Amino acid sequence: MNIILLGPPGAGKGTQARLLEENFSMKQLSTGDMLRASKNSSSEIGKTVAKVMEKGELVTDEIVIDLISEQLETNLEASGFIFDGFPRTLTQADALGTLLKSKGKSLSIVFEMKVDDEALVKRITGRFNCKVCGEVYHKENNPPKIKNICDACHAKDSFIQRADDNEKSFRTRLMAYYRDTSPLIGYYHAKQKLVPIDGLQDISIMHQSIRKIMNY
Ligand code: AMP
């Protein structure tokens, strides 16, 4: 099964993708994670990407389509893909359709994760993650069980906040979502792939709802 998690920044796409990956042999493909990895490199492209991401703008379609194409090629054994943060534009959506088709695959479901904007601001500004394993936390809704220790990998003092998880960048990201990404809701609705889901639900309840729709 190949699914897309579609939603504004902070909707919980990464958290749900990781839960699905943990429980099934599906592969999470997060363009945000791939870009964060490339921005840490000292290459010219890495520096340009870092600036764009910190402002909360979108990187070019060409860059992200190349990243996804490479990942589809190198993960042929995966039983399915969870696209997290991709596609974000109509050009990317068309490219994904073509790429999947060329591999004899197709899209199964697009989950539209719905959350209201003010809930998103709270989520984003309170969010932090473990720099060792990537586990995501929230200072109020989902703190680590033991202060300063990661629940998942037990690393100590490894918590960091993303450079774009502040209110200013968030507002730019939200604008990019409404301007460039929200047309995908109509696009996938017309293709009869869209399933709306309440993104305000508790993490584990949302996971169960997704599994039920996937028949997993
Ligand atoms: P995310 O981790 O999905 O919230 O993405 C973080 C940032 O990476 C975004 O605000 C964009 O700057 C960039 N980004 C991630 N995925 C894409 C994409 N599919 N298209 C363009 N830019 C992206």
Side-chain angles (χ1 to χ4, degrees), residues 4-19 21 28-68 70-71 82-89 91-92 113 115-144 147-182 184 199 203:
I4 294 177
L5 299 179
L6 183 67
K13 302 184 293 292
T15 303
Q16 293 301 326
R18 272 187 287 278
L19 283 172
E21 193 179 51
Q28 174 193 15
L29 294 183
S30 157
T31 38
D33 287 349
M34 295 172 208
L35 291 166
R36 274 183 288 281
S38 84
K39 98 182 178 166
N40 294 332
S41 77
S42 54
S43 65
E44 266 322 297
I45 193 146
K47 284 185 210 151
T48 313
V49 163
K51 278 194 204 136
V52 172
M53 287 176 80
E54 269 172 43
K55 277 199 244 160
E57 289 164 3
L58 294 186
V59 308
T60 64
D61 288 334
E62 200 189 350
I63 291 178
V64 288
I65 292 167
D66 279 355
L67 287 171
I68 287 289
E70 225 175 271
Q71 289 295 319
I82 309 153
F83 296 96
D84 157 14
F86 180 91
R88 262 175 155 99
T89 64
T91 304
Q92 294 176 23
M113 299 164 77
V115 190
D116 73 69
D117 294 354
E118 290 321 304
L120 291 174
V121 179
K122 284 200 193 119
R123 277 194 186 176
I124 288 275
T125 50
R127 181 163 83 166
F128 59 94
N129 63 278
C130 170
K131 67 178 173 203
V132 178
C133 70
E135 189 72 4
V136 182
Y137 297 91
H138 187 280
K139 64 180 180 201
E140 280 149 27
N141 310 337
N142 181 31
K147 207 176 164 208
N148 296 332
I149 309 270
C150 176
D151 294 350
C153 73
H154 310 295
K156 192 164 182 273
D157 297 327
S158 62
F159 296 136
I160 49 165
Q161 190 168 38
R162 278 171 46 169
D164 58 351
D165 272 356
N166 57 70
E167 191 161 347
K168 188 161 181 274
S169 299
F170 169 74
R171 298 276 173 203
T172 309
R173 287 155 71 196
L174 197 58
M175 183 61 81
Y177 178 76
Y178 287 123
R179 187 188 57 219
D180 301 313
T181 311
S182 65
L184 300 189
I203 292 171

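Note that the coordinates shown come from a computational prediction; the quantities given were computed from them, not determined experimentally. In what follows, residues are counted from 1 in the order of the sequence shown.
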Minimum heavy-atom separation for [X] to [Y], with atom names?
X      : Y      : value
Pro8   : Leu174 : CB-CD1, 3.9 Å
Pro143 : Asn141 : CD-C, 3.7 Å
Ala176 : Leu58  : CB-CG, 4.2 Å
Pro87  : Ile4   : CD-CD1, 3.5 Å
Arg127 : Gly10  : NH1-CA, 4.1 Å

Phe170 and Leu120: CA distance, side-chain angles, deciding distance, side chain to side chain contact (heavy atoms under 4.5 Å, CB included) verdict: CA-CA 9 Å; Phe170 169 74; Leu120 291 174; 3.5 Å; yes
What is the distance from atom [atom1] of [X] to atom [atom2] of [Y], rounded to the nearest 0.5 Å?
X      : Y      : atom1 : atom2 : answer
Lys122 : His138 : NZ    : NE2   : 9.0 Å
Glu140 : Arg123 : CD    : CZ    : 12.5 Å
Asp33  : Asp84  : CG    : CG    : 6.5 Å
Lys156 : Asn148 : NZ    : CG    : 7.0 Å
Phe86  : Ile68  : CZ    : CD1   : 5.0 Å
Arg88  : Ser182 : CZ    : OG    : 12.5 Å

Salt bridge Arg18-Glu21, side-chain N to carboxylate O under 4.0 Å: no
Salt bridge present between Arg171 and Asp117 (N-O < 4.0 angstrom): no
Okay, side chain of [X], backbone of [Y]: is any donor-acceptor separation there less than 3.5 Å?
X      : Y      : answer
Arg173 : Asp164 : yes
Gln71  : Gln28  : no
Thr31  : Gly85  : yes
Lys131 : Asp157 : no
Gln92  : Ile65  : no

Within-4.5 Å side-chain heavy-atom neighbours: Asn142 and Thr15: no
Lys55 and Thr172, any side-chain heavy atoms less than 4.5 Å apart: no
Ile160 atom CD1, neighbour heavy-atom count above 12 within 6.0 Å: yes
Glu62 CD: over 12 foreign heavy atoms closer than 6.0 Å: no
Side chain to side chain contact (heavy atoms under 4.5 Å, CB included) between Asp151 and Glu135, worked out: CA-CA 8 Å; Asp151 294 350; Glu135 189 72 4; 5.6 Å; no
Ser38 and its side-chain contact (heavy atoms from CB on, under 4.5 Å) partner, picked from Val59, Val49, Leu67: Val49
Aromatic ring pairing Phe159/Tyr137, orientation class (parallel under 30°, perpendicular over 60°, tilted between): perpendicular
Thr60, Asp61, Asp180 screened by side chain to side chain donor-acceptor pair (under 3.5 Å) with Thr89, the one that passes: Asp61
Stepwise side chain to side chain contact (heavy atoms under 4.5 Å, CB included) check, Leu29 with Met34: CA-CA 8 Å; Leu29 294 183; Met34 295 172 208; 3.9 Å; yes
Evaluation steps, side chain to side chain contact (heavy atoms under 4.5 Å, CB included), between Glu167 and Ile124: CA-CA 8 Å; Glu167 191 161 347; Ile124 288 275; over 6 Å; no
